[in-house]
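Notes for the one structure printed next.
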Amino acid sequence: SQQGEEDPQALSIQEGENATMNCSYKTSINNLQWYRQNSGRGLVHLILIRSNEREKHSGRLRVTLDTSKKSSSLLITASRAADTASYFCATDTGANSKLTFGKGITLSVRP
Amino acid sequence: DSGVTQTPKHLITATGQRVTLRCSPRSGDLSVYWYQQSLDQGLQFLIQYYNGEERAKGNILERFSAQQFPDLHSELNLSSLELGDSALYFCASSTSRTGRNTIYFGEGSWLTVV
């Protein structure tokens with residue numbers, strides 16, 4: 001079963017625009033991690049945010065976490081064509097060791 | 001480069017055969033995870049090892065098995081392969097026994113069963 005559900009499923013924007021992707025989850029978490037996957041390639045770790053954190057930044061990435069709403073968002077500012085990829089949120093509930101992934105968001109950035 | 005190394009990158013094999021996928025975790029990481037990614041199932045957790053011991057089990061078929069060796073590398077064995085086993089298999093590693101630290105993924109092994 002999916003713990004994280006990303007929204008929207010697909011997003012197409014113009015280069016230079018900001019991209020906002022959302023993730024909702026069902027049960028309490030210890031942390032939430034965002035990953036990027038270029039077509040057919042490996043998963044690249046972007047950011048980990050813990051349940052006691054509300055916001056984290058890394059370069060052009062900003063992640064927020066609202067545990068009361070069981071949701072997280074990933075903002076990519078000033079997007080580039082190279083940001084075109086699938087983005088996944090993954091949650092650690094602490095019940096076991098695994099990360100549970102959502103189905104991913106396909107982001108297309110048009111040059 | 002995540003530091004997690006997987007071999008082979010691509011593999012084509014026939015139904016009924018057996019294959020072994022190999023993973024070297026990041027230096028110093030004791031946890032190794034295996035995930036399967038397919039179009040219909042998405043990313044599914046298969047199994048985790050920590051310092052040689054099985055730590056957690058997910059949706060791993062009985063035809064599949066894994067182990068982690070004393071040097072911490074891991075192998076995923078897939079036997080009696082079926083067409084539906086065609087997928088991208090990821091290995092990931094972490095310093096932590098639990099999921100509380102960053103989990104780094106390799107580039108994956110593409111398995112095609114024909």
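Convention: sequence-line order gives letters A, B, ...; per-chain numbering from 1.
Of all residues in residues 105-114 of chain B, those placing a non-hydrogen atom less than 4.5 angstrom from a non-hydrogen atom of chain A are B:F105, B:G106, B:E107, B:W110. By a heavy-atom distance cut of under 4.5 Å, A:L48, A:R50 are the residues of residues 47-57 of chain A near chain B, going up by number. Near-neighbour residues of residues 1-12 of chain B relative to chain A, defined by a heavy atom under 4.5 Å from a heavy atom of that chain, are none.
Atom-to-atom distance recorded for B:R55:CZ and A:K98:NZ is 13.0 Å, nearest 0.5 angstrom. Note that the OG1 atom of B:T102 and the CD atom of A:Q33 stand 5.0 Å from one another [nearest 0.5 Å]. Between A:L43 atom CG and B:Y35 atom OH the span is 9.5 Å, to the nearest 0.5 Å.
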Please tabulate, one pair per line, all N/O donor-acceptor pairs under 3.5 Å involving side-chain atoms of residues 104-111 of chain A, not counting sequence neighbours.
from   : atom 1 : to    : atom 2 : distance (Å)
A:R110 : NE     : A:Q14 : OE1    : 3.3
A:R110 : NH1    : A:S12 : OG     : 2.6
A:R110 : NH2    : A:Q14 : OE1    : 3.1

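The two residues B:F90 and A:R41 make their nearest non-hydrogen contact at CZ-O, 3.6 Å. In plain terms, the two heavy atoms of B:Q37 and A:F88 that are nearest each other are NE2-CZ, 3.7 Å. Taking each heavy atom of B:I103 and A:Y35 in turn, the nearest pair found is O-OH, 2.6 Å. The nearest pair of heavy atoms linking A:F101 to B:L43 is CD2-CD1, 3.6 Å.
B:Y104 and B:L88 sit in two unconnected hydrophobic clusters of ILVMFWY residues. Membership requires side-chain heavy atoms under 4.5 Å apart, directly or through other members. Residue B:V19 is grouped with residue B:W34 when hydrophobic side chains (ILVMFWY) are merged at heavy-atom distances under 4.5 angstrom, including chains of intermediate members. Linking ILVMFWY side-chain heavy atoms closer than 4.5 Å, directly or via other members, places B:L61 and B:Y89 in a single hydrophobic cluster. Cluster membership for A:L99 and B:Y50, using ILVMFWY side-chain heavy atoms within less than 4.5 angstrom, is not shared. Note on B:L76 and B:L72: separate hydrophobic clusters, where clusters join Ile, Leu, Val, Met, Phe, Trp and Tyr whose side-chain heavy atoms are under 4.5 Å apart, directly or indirectly.
Crowding of A:E17 atom CD: a count of heavy atoms from other residues, nucleotides or ligands under 6.0 Å exceeding 12. Under a cut-off of 6.0 angstrom, the local environment of CG in B:L39 is sparse, with at most 12 non-hydrogen atoms contributed by other residues, nucleotides or ligands.
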